[in-house]
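Naming convention: chains lettered A, B, ... in sequence-line order (proteins, then strands); numbering from 1 in each chain. Since we're looking at a predicted model, the values are computed, not measured.
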Number of protein chains: 2
Amino acid sequence: MASKERIQRLKDETRINILDAALHIVKEEGWQALSMRKIADVIEYTAPIIYEYFANKEAILLELARKGYLILAKDLRTAHEQHNLPEKQLEAMWLAYWNFAFANKELYQIMFGITTNCSCEEVNKLEESVMPWDLFTDVIGKVMHIEDPASDVICTKYYTFWSVVHGLVSINLLSRGSSDAINRQVLMDAITGIIRSIKPE
Amino acid sequence: MASKERIQRLKDETRINILDAALHIVKEEGWQALSMRKIADVIEYTAPIIYEYFANKEAILLELARKGYLILAKDLRTAHEQHNLPEKQLEAMWLAYWNFAFANKELYQIMFGITTNCSCEEVNKLEESVMPWDLFTDVIGKVMHIEDPASDVICTKYYTFWSVVHGLVSINLLSRGSSDAINRQVLMDAITGIIRSIKPE
DNA sequence: ATAAATTATTTAACAGCGTTAAGCAAATAT
DNA sequence: ATATTTGCTTAACGCTGTTAAATAATTTAT
């Protein structure tokens with residue numbers, strides 16, 4: 001009867017194994033190649049077993065996206081903590097965002113629907129998917145010396161940052177980018193440029 | 001024997017019907033719902049017939065992407081022609097790009113792999129997919145008063161424009177955007193901001 | 001005009017997909 | 001020892017893209 005815990009532990013482990021297997025397959029062969037039967041092969045079970053841990057394939061993708069958002073949020077917080085000046089914090093956060101995208105290419109793809117067809121409506125429903133927002137608007141407000149964090153102008157600047165960084169990431173994940181040198185230049189120019197333009201005085 | 005041409009005309013028409021049917025289905029039900037059998041239903045044939053016009057499903061997607069790039073290129077040229085000042089041309093072109101994306105949402109999705117898994121390598125191989133480049137670098141060069149259109153700094157600025165516009169489009173196609181008012185603000189701020197920052201004097 | 005050859009189109013099938021239901025085998029409870 | 005639950009697999013359904021074989025329609029040749 002004390003084996004209940006042991007069994008639960010095994011079950012938890014299998015759940016993790018499923019997610020790990022899925023991500024492993026995707027990293028090796030891409031999102032298109034991911035199938036329930038392949039996951040089953042890796043975890044050495046048959047496909048129907050997976051449905052005792054996840055409602056369907058989509059739920060697995062959603063959980064991976066969720067994990068991605070959690071990692072990204074953590075990276076952003078870490079970057080934020082490493083500086084005191086709001087300008088430096090902002091710069092470090094967008095650099096962290098950029099680094100996350102390439103260190104976790106497959107997760108970024110599913111988080112933001114790049115060459116994957118995971119229903120974005122469902123991904124958007126994840127509460128974790130809206131996470132970064134408050135942290136950014138807070139810092140942007142500080143840089144701009146604006147009190148109200150819900151101000152429209154802060155919102156605008158947030159989207160400006162996000163658009164340029166996400167856009168550059170997307171273009172590169174599609175192999176439509178330029179050299180690393182130019183990427184770096186675009187990224188830093190944009191970030192420092194926007195920061196300079198929003199700083200009062 | 002003169003019916004050869006008539007038959008060829010019918011064949012050409014069927015080919016067009018296939019592409020139209022595919023785009024129609026996608027606009028009604030999304031990329032995920034597109035299947036060879038559904039296309040066959042619409043054109044009132046059975047699925048294998050399609051393979052006499054296209055090598056496979058991917059070829060249909062590729063052709064739609066190609067058509068998208070051609071429309072975009074035309075829109076960009078038209079925008080370019082409607083102004084004389086390079087600054088105005090540049091602004092009009094990126095506005096045209098923005099408008100194209102929302103007027104042809106489904107085409108844009110497949111052209112740039114947004115919630116679709118059409119192999120981006122194949123899309124990148126389309127010669128039409130690199131089209132806009134020369135037109136933009138030319139105008140950017142004029143605004144900056146730089147002769148060499150292959151200059152690194154022009155390349156950098158081109159990617160800066162493209163990143164912010166494509167990023168904002170992507171975010172909105174994912175239903176992750178803000179209000180139309182803020183979209184407009186971000187777009188215009190970014191375009192005019194970059195133009196002002198690259199103009200010498 | 002009739003027979004032969006070519007073309008147009010469909011039906012059937014294969015392998016793979018996500019998913020569900022039925023069946024079996026092993027562990028647990030009574 | 002028997003009954004019951006649990007863990008897992010096999011089989012199946014309807015879908016997918018795609019190919020091969022069979023059939024219907026049309027054109028060509030005689």
Side-chain angles (χ1 to χ4, degrees), chain A residues 1-19 21-23 25-26 28-65 110 115-119 122-123, chain B residues 1-19 21-23 25-26 28-65 110 115-119 122-123:
Chain A
M1 198 55 71
S3 64
K4 272 255 176 78
E5 292 166 19
R6 181 180 53 89
I7 286 172
Q8 187 56 44
R9 260 199 311 273
L10 283 175
K11 281 202 160 193
D12 292 352
E13 202 179 317
T14 300
R15 202 190 124 92
I16 292 172
N17 285 343
I18 291 172
L19 293 171
L23 192 56
I25 293 165
V26 170
E28 296 275 309
E29 312 177 54
W31 283 106
Q32 250 185 332
L34 183 65
S35 79
M36 297 300 262
R37 285 171 173 90
K38 267 188 195 168
I39 295 174
D41 269 7
V42 175
I43 64 170
E44 292 181 303
Y45 278 108
T46 51
I49 282 293
I50 304 176
Y51 292 85
E52 287 178 21
Y53 298 89
F54 296 93
N56 46 39
K57 188 183 178 182
E58 184 107 341
I60 298 176
L61 307 190
L62 240 50
E63 184 60 26
L64 287 174
I110 206 166
T115 56
T116 58
N117 49 8
C118 181
S119 92
E122 295 300 319
V123 173
Chain B
M1 200 55 75
S3 65
K4 272 256 176 77
E5 290 166 20
R6 182 181 52 88
I7 285 172
Q8 187 56 44
R9 261 199 311 271
L10 284 174
K11 280 202 161 191
D12 291 351
E13 203 178 317
T14 300
R15 201 190 124 93
I16 291 171
N17 286 343
I18 291 171
L19 293 172
L23 191 54
I25 293 166
V26 170
E28 296 275 309
E29 314 176 53
W31 283 107
Q32 249 185 334
L34 184 66
S35 79
M36 298 299 262
R37 284 171 174 89
K38 269 189 194 169
I39 295 174
D41 269 6
V42 175
I43 63 171
E44 293 181 302
Y45 278 108
T46 51
I49 283 292
I50 305 176
Y51 291 86
E52 284 180 19
Y53 298 88
F54 294 93
N56 47 39
K57 188 183 179 184
E58 183 106 339
I60 298 176
L61 307 189
L62 239 51
E63 185 59 25
L64 288 174
I110 206 165
T115 57
T116 59
N117 49 8
C118 181
S119 91
E122 296 300 320
V123 174

Measure from [atom1] on [X] to [atom2] on [N] and round the result to the nearest Å.
X	N	atom1	atom2	answer
B:Gln32	D:dT16	CD	P	12 Å
B:Asn56	D:dT19	CG	C1'	13 Å
B:Glu44	C:dT10	CD	C1'	15 Å
B:Glu52	C:dT6	CD	C1'	13 Å
B:Asp41	C:dT9	CG	P	16 Å
A:Tyr53	D:dT6	OH	P	14 Å
B:Ile18	C:dT9	CD1	P	11 Å
A:Phe54	C:dG18	CZ	C1'	16 Å

Taking the minimum atom-to-atom distance to the side chain of [X], which one of [options] wins?
X	options	result
A:Tyr45	C:dT9, D:dT9, D:dG17	D:dT9
A:Tyr51	D:dG7, C:dT10, C:dG18	C:dG18
A:Pro48	D:dC8, D:dT10, C:dT19	D:dT10
B:Ser35	C:dA8, D:dG7, D:dG17	D:dG17
A:Lys57	D:dG17, C:dG18, D:dG7	C:dG18
A:Arg37	D:dA12, D:dG7, C:dA13	D:dA12

Reckon B:Leu34 touches a base, only the sugar-phosphate, or nothing at all at heavy-atom distances under 4.0 Å?
sugar-phosphate
Base, sugar-phosphate alone, or nothing: which one does B:Thr46 contact when heavy atoms must sit under 4.0 Å apart?
base
For A:Glu13 and A:Asn17, which I'm curious about, is there any donor-acceptor pair between the side chains at under 3.5 Å?
no
Got B:Asn117 and A:Trp31 here, is their nearest side-chain heavy-atom distance under 4.5 Å?
no
Do A:Leu61 and A:Leu34 make a side-chain contact, defined as non-hydrogen atoms from C-beta onward lying under 4.5 Å apart?
yes
I'd like to know if the side chain of B:Lys57 reaches the main chain of B:Met36, judged simply by a donor and an acceptor atom lying under 3.5 Å from each other, with no hydrogens or angles considered.
no
Could you check whether B:Glu28 pairs with B:Lys38 (Lys NZ or Arg NE/NH1/NH2 to Asp/Glu carboxylate O, under 4.0 Å)?
no
